[in-house]
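The structure appears right after this line, and notes come after that.
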Amino acid sequence: MQMNETFPIQFLGGSQDGALIEGDKAPDVFLVNCADGVQEIYERRNNEPPFVYVQIGYAGNETWK
């Protein structure tokens, strides 16, 4: 991939279900901020565009860290 190339990213599940965005990075895990400091955790399920992310859980506002 070239430096400024973008590609489609699709989300399945959670608050982003069905959302399709253009991105220039495809990390293994994608965090989406939601209300009350909760984050939805999405995991990449494939290695070629369009990248598909499926919600695998939540991360709360953990003050103990």
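Everything numeric in this text was worked out from a predicted model, so none of it was measured.
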List, one per line, each side-chain donor-acceptor pair under 3.5 Å for residues 7-20, sequence neighbours excluded.
| residue | atom | partner | partner atom | Å |
| --- | --- | --- | --- | --- |
| Ser15 | OG | Glu40 | OE1 | 2.8 |
| Ser15 | OG | Glu40 | OE2 | 3.4 |
| Asp17 | OD1 | Gly13 | N | 2.8 |

Mind checking what makes side-chain hydrogen bond (donor to acceptor under 3.5 Å, both in side chains) contact with Asn33, not counting sequence neighbours? Gln39
Would you check, one step at a time, whether the test side chain to side chain contact (heavy atoms under 4.5 Å, CB included) holds for Glu43 with Val54? CA-CA 5 Å; Glu43 181 179 64; Val54 175; 5.9 Å; no
By side-chain hydrogen bond (donor to acceptor under 3.5 Å, both in side chains) - contacts of Glu22 (at least two apart): Thr6
Pro27 and Tyr53, any side-chain heavy atoms less than 4.5 Å apart: yes
Same cluster (ILVMFWY, side-chain, under 4.5 Å), Val52 and Tyr42: no
What pairs meet the salt bridge (Lys or Arg N to Asp or Glu O under 4.0 Å) rule with one or both residues in residues 25-35, with sequence neighbours excluded? Asp28-Arg44
Which residues pass the side-chain contact (heavy atoms from CB on, under 4.5 Å) test with Ile41, not counting sequence neighbours? Val29, Leu31, Ile56, Ala59
